[in-house]
Amino acid sequence: MEPVAFFSQPLASPEPRSRALGTGSDSRAGPREPERSRSGAEPLLDPTRLIRDPQSGRTYYRGRLLGKGGFARCYEATDTGSGHIYAVKVIPQSRVAKPHQREKILQEIALHRSLHHRHIVHFSHHFEDEGNIYIFLEHCSRKSLAHIWKARHTLLEPEVRYYLRQVIAALCYLHQRGVLHRDLKLGNFFITENMELKLGDFGLAARLEPQDQRKKTICGTPNYLAPEVLLRQGHGPESDVWSLGCVMYTLLCGNPPFETADLKETYRCIKQVRYTLPPYLSSAARHLLATILRPVPQDRPSLEEILQHEFFTKGYTPAQLPPCSCTTVPDLTPPSPAESFFTKVTKSLFGRKKNKSKIAPQEQDNLSRLVSDLVLTSICPLSSTKEPRQAQEEADVAPSLAETAPEEGSPRSLAALGSSSEGSEEYLTAATVMESTLCALRNCLAFMPPARQNPAPLATPEHLLWVSKWVDYSNKYGFGYQLSSRRVAVLFNEGAHMALSSNRKTVHYNPTNTKHFSFPVDAVPQQLQGQLGVLRYFASYMDHNLMKGGDLPSVDETEGPSPLLLQWVKTDQALLLLFSDGTVQVNFYVDHTKLILSGWEPLLITFVARDRRTCTYQAPHLQRLGCSQELRLRLRYVLHLLRQRSGT
Ligand code: ADP
């Protein structure tokens with residue numbers, strides 16, 4: 001299936017973190033003049049440092065060296081037109097002269113550019129000239145966890161949870177796409193300006209192969225190699241989990257679990273799984289490490305199980321780490337239970353109630369409804385929340401289409417009737433969407449300063465898709481909704497998804513999140529006619545009985561499939577919708593306000609207020625400038641709901 005996106009984002013961030021060219025000093029100005037000498041006459045730009053893209057003509061100024069790798073040197077590079085700063089890997093053509101070397105780099109590029117995740121270093125673009133290949137990456141200004149580890153040696157358990165959650169989110173995404181990283185280590189966990197972790201360096205990454213076809217090459221960082229890799233039994237997802245355990249150990253204990261003065265001895269220790277767990281670790285940390293560092297790969301916990309371990313569920317994870325934690329032990333006193341989210345909100349409301357002139361009675365009423373405990377009322381049936389692999393296996397084995405002979409109704413036989421595609425691209429699970437949004441919201445809210453008003457909004461993205469109408473008929477069929485593009489769709493109780501395009505000419509059918517079939521509306525196979533009937537019923541009900549919610553403009557439907565609704569959750573206050581492109585929409589019943597959280601870097605927050613006014617903000621703006629109580633409370637509610645759903 002084609003990658004789907006609600007709207008396209010410009011490659012260069014609209015708000016570059018500018019740095020005066022050639023100086024390395026921070027400046028928050030926009031595109032700038034080249035630095036001038038004291039006399040003000042001569043620019044200090046060194047022309048030998050200009051990199052020119054021969055195709056686009058764009059030029060970049062090569063700044064300071066960030067580090068050296070196996071093939072490449074990595075520099076800071078500034079787009080001289082936009083001022084956007086990148087990390088550019090410069091690989092001399094002489095280093096990739098042999099066909100297999102070039103092939104390797106091209107493979108790394110092809111893989112990395114296909115990855116889009118909040119916790120994976122963003123691949124921007126690449127080009128080459130006679131001398132070098134240039135790869136432009138998201139610039140991670142706080143270097144890597146290796147640098148933090150060098151300065152700190154050991155981290156606190158809450159810090160380790162903070163970083164590992166982000167590594168696990170990235171790793172879940174990779175593994176779900178059938179990619180193994182194979183070189184998880186501190187130096188490959190890059191840290192951005194606002195302390196977010198990004199997994200990088202896909203030089204050793206490989207496609208996950210069936211057990212018997214796995215490559216038996218030994219690769220990775222010696223200290224973090226899993227026993228099965230050393231024993232040349234091949235590298236599986238469990239071997240990445242092992243390395244993750246080694247990373248956790250190193251961060252908590254200050255040195256890798258199997259480190260010795262002699263590499264051969266290290267390998268012996270790994271093969272025998274010989275390491276010690278220091279007594280100062282919490283019992284939860286010791287237990288988790290012991291379960292991850294098990295000799296037999298299949299005995300190790302999955303990434304999901306790791307997140308469910310009490311080390312994560314019972315221990316405090318800070319919403320954000322202060323930048324000073326890169327070099328010194330931070331003060332991470334967790335909020336006391338009495339200061340939980342709801343008591344804090346209640347307190348602030350009571351505080352404000354004393355001064356009634358400042359808050360409209362209607363607002364008071366609406367806000368206080370949000371403070372009541374979070375009560376889940378219904379949630380879409382379990383089948384639709386399955387991970388793609390599991391759901392796909394089931395769809396292959398037991399087609400979910402009722403009223404037809406199994407073979408006829410199977411996805412394979414459907415493929416013969418309509419156009420089909422396997423969705424190996426761009427698919428996110430509900431768990432990944434929740435985890436990523438949770439992380440961005442945590443960051444946004446953690447140190448948000450108090451403010452009375454919202455900052456100036458951005459233009460609402462032109463192609464923002466959002467749910468304008470919905471019907472919950474899950475006691476019989478499923479959940480129906482209409483997008484702002486006028487596409488109507490149903491997420492059926494058993495997990496299948498069917499949509500009717502906005503011009504009502506094409507039917508899109510997804511038996512699972514990763515399989516897609518499309519048919520002209522008058523050529524839908526017999527075995528899908530039942531579902532099509534239900535879809536039409538929903539469409540007509542929404543047309544005749546429901547008003548459009550909100551004032552966002554309708555958008556024209558782009559060709560091809562739209563994002564799929566992955567999961568819906570209803571509480572007593574709000575409806576939460578999670579989509580396959582990472583968008584999260586929350587409708588608050590009481591006053592019809594809505595939040596639409598979309599986009600990856602940065603997260604965009606669109607708020608449809610009570611008076612239907614619609615404003616879009618970048619999460620980093622809100623984090624820096626604060627926002628109104630009305631918006632803050634709703635963001636906190638979503639954070640709380642996501643936290644509860646993801647069990648954190
Ligand atoms: P290696 O895989 O051998 O570490 P790389 O070429 O990936 O080599 O990176 C070399 C060094 O460049 C890294 O160790 C790191 O210090 C720096 N670096 C790489 N990517 C980035 C990035 N996106 N942002 C900031 N620094 C980076």
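We count ligands from 1, going down the list as the structure has it; atoms in each ligand are counted the same way. Note: hydrogens, waters and symmetry copies are ignored here, and every other heavy atom, side chains too, is used. One is the number of the first residue; the rest follow in order along the sequence.
Considering backbone and side-chain atoms alike, Lys68 places every N or O at 3.5 Å or more from each N or O of ligand 1. Inclusion of Asp201 in the set of residues having an N or O under 3.5 Å from an N or O of ligand 1 is warranted. Backbone and side-chain nitrogen or oxygen atoms of Lys89 are examined, and one is located within less than 3.5 angstrom of a nitrogen or oxygen of ligand 1.
The closest protein non-hydrogen atom to atom 26 (N) of ligand 1 is Leu66 CD1, 3.6 Å. With hydrogens left out, the protein atom closest to atom 27 (C) of ligand 1 is Phe190 CE2, 3.6 Å, a heavy atom. In terms of protein heavy-atom proximity, atom 12 (O) of ligand 1 is closest to Cys74 CB, 3.1 Å. Distance from atom 8 (O) of ligand 1 to its nearest protein heavy atom, with residue and atom name: Gly69 CA, 3.1 Å. Scanning the protein heavy atoms around atom 22 (C) of ligand 1, the nearest turns out to be Ala87 CB, 3.5 Å. If you check which protein heavy atom lies closest to atom 24 (N) of ligand 1, you get Cys140 N, 3.0 Å.
The nearest protein heavy atom to atom 3 (O) of ligand 1 is closer than 4.0 Å.
Look at Glu108 and Lys89 and you find a salt bridge, because one of the NZ, NE, NH1 or NH2 atoms lies within 4.0 Å of a carboxylate O, short of that distance. Using a 4.0 Å cut-off between charged nitrogen and carboxylate oxygen, Glu238 and Arg294 do not count as a salt-bridge pair.
Ring geometry, His122 versus His116: the interplanar angle falls from 30° to 60°, so the pair is classed tilted. Taking the six-membered ring where the residue is Trp, Tyr173 and His117 present tilted rings, their angle falling between 30° and 60°.
Between His181 and Phe189, a ring centre-to-centre spacing not shorter than 6.0 Å is recorded. A ring-centre distance under 6.0 Å is not found for Tyr86 and His139. Under the 6.0 Å cut-off for aromatic ring centres, Trp242 and Tyr275 do not qualify, their centroids lying 6.0 Å or more apart.
Relative to the ring axis of Tyr75, Arg62 places its NZ or CZ within 45° and under 6.0 Å from the centre.
Below 4.0 Å from some heavy atom of Glu138 lie the following atoms of ligand 1, by number and element: 22 (C), 23 (N), 24 (N).
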